[in-house]
Engineer: 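Sharing a structure below in structure tokens format, with a few things to ask.
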Amino acid sequence: MFDFKYYTPTKVLFGKNTETKVAELIREFGGTKVLIHYGGGSVVRSGLLKRVTDTLDQAGIAYVTLGGAVPNPHLGLVYEGIELCKKEGVDFLLGVGGGSAIDSAKAIGYGVANEGDVWDYYDYKRKVTGCLPLGVILTIAATGSEMSDSSVITKEEGLVKRGYSSDYGRPRFAILNPELTMTLPDYQTACGCTDIMMHTMERYFTQGGNMEITDALAEGLLRTVKKNAVILRDDPKNYDARAEVMWAGSLSHNGLTGCGNDGGDWMTHKLEHELGGLYDVAHGAGLAAIWGTWARYVYKNCLPRFKKFALNVMEVPDEGTDEEIALAGIEAMEDFYRSINMPTNLRELGVNPTEEELVLMAKKCAIGVGGQKGSAKVLDEQAMLQIYRASM
Ligand code: NZQ
Ligand code: ZN
């Protein structure tokens, strides 16, 4: 077991109609002028944005709005948001939507609270020393951005997708009403479940420090999401299943399922971020398309963890050699992806990179991780390229 820091300052309000408390929460955290930041319009169509602005109007809290955060959110809109906040004297950010709107809001918060170009942080040139306070109303269970320290932004020039992590970016509050996720397309629900599981799996397939309590939480979370993803495939309006998945999404990426381990592997995420940057695929689907190939590439270096995963999460029979059990677990995970209509390779994801593009993605990925990265197995640029090639 390694020493660890566990920091989750986000106040969570969970359940039906919790969005009606948004004005009280903004007040509690000192907001007097709010930027409401959202995505491509689902919150307009669902009526959620109107309910939020009505609540703020009634409470006498001033606000401005900025929509347009796209999946794999763009730096250009972040710059626009920073200017708007400065011009309007905004002192609180409210992200309403999914990971893209929330991540874009975090980036705006960094840009307002720090001098200079906000991209510098995503380009690992500088570290933030603050962030405008941020609250969240979540509409898709997926990234865990509602409690996480991360924000992922794509710079349009060169299609560079990068993440930046800082405790300053952790939201002050998160409003989690599972009913708000019921308007999601089935594909996005499945993408979300995939991403949630992957945030714990990235922390699970590691080389050391593993704690019994952390493993028990991780395996329980993975089994719960696996089960409820299938329930939601057949019954998308099932409140309890929506609730299980939504809370799992927050716990999966707030640090809980990584306590004591060596920090996580994260290479499936890094490999996916290049796909998201270049082809604009949904993050969860990109992860599913890469994971099986990554797993087969690394499992021999991390055999005890892959065996444990196969037995305790995928519940394969305890028969055969350790390698056979580990491989059966990987196959069972891919079967699960197929069962919820997620891709298991790039072709099924709908992208068909040329050899030059594969080389470019591996190169950008290696640059993005500072040369090499991984815990289950450390991957360099050549290894990244081999995984991209094998995932076609
Ligand atoms: O943009 P709108 O119109 O809102 O539509 C969105 C979008 O098209 C739609 N949607 C969301 N809630 C809905 C809804 N449609 C109907 N009803 C609802 N209730 O779903 C689509 C996807 O939304 P998006 O916010 O892009 O999804 P997600 O939450 O998966 O966020 C993905 C982004 O987050 C990054 C990903 O890389 C990607 O850029 N990540 C952020 C992380 C973090 N901050 O901690 C960690 C993750 O690993 C991830 O990298
Ligand atoms: Zn993710």
Side-chain angles (χ1 to χ4, degrees), residues 10 19 37-49 67-75 77-78 95-107 109-110 122 134 136-155 159 161-166 169-171 174 176-203 236-237 242 245-246 249-250 252-255 264-277 279-288 290-291 368:
T10 307
E19 64 275 15
H37 193 41
Y38 59 96
S42 73
V43 300
V44 178
R45 290 189 295 279
S46 70
L48 174 63
L49 185 66
V70 291
N72 305 306
H74 289 169
L75 182 61
L77 189 70
V78 171
V96 185
S100 296
I102 300 168
D103 284 5
S104 184
K106 288 178 180 178
Y110 292 141
Y122 295 82
L134 165 78
V136 167
I137 302 177
L138 190 67
T139 64
I140 171 173
T143 64
S145 187
E146 66 276 11
M147 288 183 90
S148 84
D149 63 354
S150 313
S151 155
V152 187
I153 299 294
T154 297
K155 184 180 187 175
L159 295 174
K161 181 172 173 176
R162 291 272 178 81
Y164 180 69
S165 298
S166 162
R170 290 188 193 265
L176 307 181
N177 175 357
E179 284 186 324
L180 298 179
T181 67
M182 287 191 186
T183 50
L184 276 168
D186 294 343
Y187 183 73
Q188 288 295 340
T189 298
C191 284
C193 291
T194 303
D195 192 23
I196 292 167
M197 291 181 76
M198 198 64 68
H199 293 150
T200 286
M201 288 155 68
E202 296 279 19
R203 293 169 164 95
K237 301 276 185 220
R242 290 274 172 202
V245 166
M246 194 170 219
S250 300
S252 193
H253 205 29
N254 76 354
D265 184 88
W266 297 108
M267 274 314 301
T268 308
H269 263 78
K270 297 297 176 188
L271 291 163
E272 191 289 324
H273 280 174
E274 297 309 322
L275 288 169
Y279 300 104
D280 220 10
V281 296
H283 173 61
L287 293 171
I290 287 283
W291 184 79

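Whatever order the structure lists ligands and atoms in, that order sets their numbers, starting from 1. Not measured: the values here are computed from a predicted model.
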Engineer: When you measure from atom 49 (C) of ligand 1 to every protein heavy atom, which one gives the shortest distance, and what is it?
Structural biologist: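 Of the protein heavy atoms, His283 NE2, 3.3 Å lies nearest.
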
Engineer: Counting only heavy atoms, tell me which of Val281, Thr194, Leu138, Asp103 gets closest to atom 41 (C) of ligand 1.
Structural biologist: Asp103

Engineer: Using a 4.0 Å heavy-atom cut-off, say whether His253 meets ligand 1 through its side chain, its backbone, both or neither.
Structural biologist: side chain

Engineer: Looking only at protein heavy atoms, which one is nearest to atom 50 (O) of ligand 1, and how far off is it?
Structural biologist: His273 NE2, 3.0 Å

Engineer: How far is atom 6 (C) of ligand 1 from the closest protein heavy atom, and which atom is that?
Structural biologist: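 Result: Ser42 OG, 4.5 Å.
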
Engineer: At under 4.0 Å between heavy atoms, which part of Met198 makes contact with ligand 1: side chain, backbone, both or neither?
Structural biologist: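 Met198 to ligand 1: no contact under 4.0 Å from either part.
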
Engineer: Under 4.0 Å from ligand 1, counting heavy atoms only, is it the side chain of Leu180, its backbone, both or neither?
Structural biologist: backbone

Engineer: So which atom in Trp291 and which in Thr268 form the shortest heavy-atom distance, rounded to 0.1 Å?
Structural biologist: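 Reported closest heavy-atom pair: CD1-OG1, 3.8 Å.
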
Engineer: Taking only heavy atoms of Pro71, which atoms of ligand 1 are found under 4.0 Å from at least one of them?
Structural biologist: 7 (C), 8 (O), 26 (O)

Engineer: Do Leu134 and Lys106 pass the side chain to side chain contact (heavy atoms under 4.5 Å, CB included) test, and can you show the C-alpha distance, the side-chain angles, and the key distance before you say yes or no?
Structural biologist: CA-CA 7 Å; Leu134 165 78; Lys106 288 178 180 178; 3.5 Å; yes

Engineer: Can you tell me how far the CD1 atom of Ile102 sits from the OG atom of Ser150, to the nearest 0.5 Å?
Structural biologist: 12.0 Å

Engineer: When rounded to the nearest 0.5 angstrom, what distance separates NE2 in His74 from CG in Asp280?
Structural biologist: 5.5 Å

Engineer: I'd like to check which ligand 1 atoms, numbered from 1 as shown, lie under 4.0 Å from a non-hydrogen atom of Lys161.
Structural biologist: 36 (C), 37 (O), 38 (C), 39 (O)

Engineer: Which of the atoms of ligand 1 are close to Gly39, meaning less than 4.0 Å from one of its heavy atoms?
Structural biologist: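 Near Gly39, meaning under 4.0 Å from one of its heavy atoms, ligand 1 has 1 (O).
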
Engineer: Drop me the distance from Tyr38's OH to Ser100's OG, to the nearest 0.5 angstrom.
Structural biologist: 15.0 Å

Engineer: Does the side chain of Pro73 come within less than 4.5 Å of Val78's, by heavy atoms?
Structural biologist: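 A side-chain contact under 4.5 Å is absent here.
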
Engineer: Short question: side chain of Ser252, backbone of Thr200 - any donor-acceptor pair under 3.5 Å?
Structural biologist: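 Indeed, once roles are kept as given, a pair shorter than 3.5 Å links the two residues.
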
Engineer: What is the ring orientation for His253 with Trp266, classed by angle as parallel under 30°, tilted 30 to 60°, or perpendicular over 60°?
Structural biologist: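 If you compare the ring of His253 with that of Trp266, the planes turn out tilted.
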
Engineer: If you count the atoms of ligand 1 from 1 in the order shown, which ones are under 4.0 Å from a heavy atom of Ala142?
Structural biologist: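 Contacts of ligand 1 toward Ala142, numbered from 1: 29 (O), 30 (O).
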
Engineer: Quick one: closest heavy-atom pair of Ala69 and Ser104, and the distance?
Structural biologist: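 Closest approach of Ala69 to Ser104: CB-CB, 4.2 Å.
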
Engineer: Hey, is atom 3 (O) of ligand 1 touched by any protein heavy atom at less than 4.0 Å?
Structural biologist: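 Looking at atom 3 (O) of ligand 1, one finds that a protein heavy atom does lie closer than 4.0 Å.
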
Engineer: Mark up the atoms of ligand 1 that fall under 4.0 Å of a heavy atom belonging to Pro73, in ascending order.
Structural biologist: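 What qualifies from ligand 1 is 39 (O).
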
Engineer: Check whether any protein heavy atom sits under 4.0 Å from atom 32 (C) of ligand 1.
Structural biologist: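 It does: a protein heavy atom is found less than 4.0 Å away from atom 32 (C) of ligand 1.
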
Engineer: Hey, mind stepping through Leu176 and Ser250 against side chain to side chain contact (heavy atoms under 4.5 Å, CB included) and telling me if it holds?
Structural biologist: CA-CA 9 Å; Leu176 307 181; Ser250 300; 3.5 Å; yes

Engineer: Got the closest protein heavy atom to atom 26 (O) of ligand 1, with its distance?
Structural biologist: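 Going by distance alone, atom 26 (O) of ligand 1 is nearest to Ser100 OG, 2.6 Å.
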
Engineer: Tell me the closest heavy-atom pair linking Val281 and Glu272, and the distance in Å.
Structural biologist: CG2-OE2, 3.7 Å

Engineer: Using distance alone, determine whether Gly41 and ligand 1 share an N or O pair under 3.5 Å.
Structural biologist: yes

Engineer: What is the nearest protein non-hydrogen atom to atom 47 (C) of ligand 1, stated with its residue, atom name and distance?
Structural biologist: His199 NE2, 3.4 Å

Engineer: Give the numbers and elements of all ligand 1 atoms closer than 4.0 Å to a heavy atom of Ser148.
Structural biologist: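 So the answer, numbered in order with elements, is 43 (C), 44 (N), 45 (O).
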
Engineer: For Asp195, counting its heavy atoms only, list the atoms of ligand 1 lying under 4.0 Å from any of them.
Structural biologist: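 Listed by number with element, the hits are 47 (C), 48 (O).
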
Engineer: Please say whether Ser145 places an N or O atom under 3.5 Å from an N or O atom belonging to ligand 1.
Structural biologist: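 Checking ligand 1 against Ser145, an N or O pair does fall under 3.5 Å apart.
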
Engineer: What is the number of protein N/O/S atoms located under 2.8 Å from the Zn ion (ligand 2)?
Structural biologist: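 Protein heteroatoms (N, O, S) closer than 2.8 Å to the Zn ion (ligand 2) number 4.
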
Engineer: For Arg203 and Gly264, indicate whether the former's side chain and the latter's backbone hold a donor-acceptor pair under 3.5 Å.
Structural biologist: no

Engineer: Would you say Pro185 and ligand 1 have an N/O pair spaced under 3.5 Å apart?
Structural biologist: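 Between Pro185 and ligand 1, no N or O pair is found under 3.5 Å apart.
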
Engineer: Tell me the protein heavy atom at minimum distance from atom 22 (C) of ligand 1, and give that distance in Å.
Structural biologist: Gln188 OE1, 3.5 Å

Engineer: Can you tell which part of Thr139 has a heavy atom less than 4.0 Å from ligand 1: side chain, backbone, both or neither?
Structural biologist: both

Engineer: For a quick check under 3.5 Å, do Arg242 and Thr189 share a side-chain donor-acceptor pair by atom type?
Structural biologist: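 The criterion, which ignores hydrogens and geometry beyond distance, is satisfied for Thr189 and Arg242.
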
Engineer: Looking only at protein heavy atoms, which one is nearest to atom 13 (C) of ligand 1, and how far off is it?
Structural biologist: Leu184 CD2, 3.3 Å

Engineer: Looking only at non-hydrogen atoms, find the nearest pair between Ser151 and Asp103 and report the distance.
Structural biologist: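 Distance-wise, the nearest heavy atoms are OG-O, 3.1 Å.
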
Engineer: Atom 27 (O) of ligand 1: which of Asn254, Ile140, Thr183 has the nearest heavy atom?
Structural biologist: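 Of the listed residues, Ile140 has the closest heavy atom.
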
Engineer: Tell me whether Lys161 contacts the main-chain N or O of Lys155 through its side chain, where contact means a donor paired with an acceptor under 3.5 Å.
Structural biologist: no

Engineer: With atom 40 (N) of ligand 1 as the reference point, say which of Leu48, Val43, Thr143 has the nearest heavy atom.
Structural biologist: Thr143

Engineer: If I compare all heavy atoms of Ala101 with all of Gly39, which pair ends up nearest, and what's the gap?
Structural biologist: CB-N, 4.1 Å

Engineer: Give me the atom names and distance for the closest heavy-atom approach of His269 to His283.
Structural biologist: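 For His269 versus His283, the nearest heavy atoms are NE2-NE2, 3.1 Å.
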
Engineer: For side chain to side chain contact (heavy atoms under 4.5 Å, CB included), just list the numbers for Ser42 and Thr183, CA-CA rounded to whole Å, side-chain angles, deciding distance to a tenth of an Å, and then say yes or no.
Structural biologist: CA-CA 9 Å; Ser42 73; Thr183 50; 6.0 Å; no

Engineer: Rounded at 0.5 Å granularity, tell me how far OG1 in Thr139 sits from CG in Leu180.
Structural biologist: 7.0 Å

Engineer: Where is the nearest protein heavy atom to atom 29 (O) of ligand 1: which residue, which atom, and how far?
Structural biologist: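 Of the protein heavy atoms, Gly99 N, 2.7 Å lies nearest.
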
Engineer: Quick one: OG1 on Thr10 to CZ on Arg170, what's the gap to the nearest 0.5 Å?
Structural biologist: 7.0 Å

Engineer: Need the ligand 1 atom indices (1-based, order shown) with element for anything under 4.0 Å from a heavy-atom of Asn72.
Structural biologist: 38 (C), 39 (O)

Engineer: So, regarding Lys106 and ligand 1 (criterion: nitrogen or oxygen to nitrogen or oxygen, under 3.5 Å), is there a contact or not?
Structural biologist: no

Engineer: Below a 4.0 angstrom heavy-atom separation, can you tell me which part of Glu272, side chain or backbone, both or neither, approaches ligand 1?
Structural biologist: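 No part of Glu272 is near ligand 1 at this cut-off.
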
Engineer: Taking atom CZ of Arg162 and atom CG of Leu75, what is their separation to the nearest 0.5 Å?
Structural biologist: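 It comes to 12.0 Å.
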
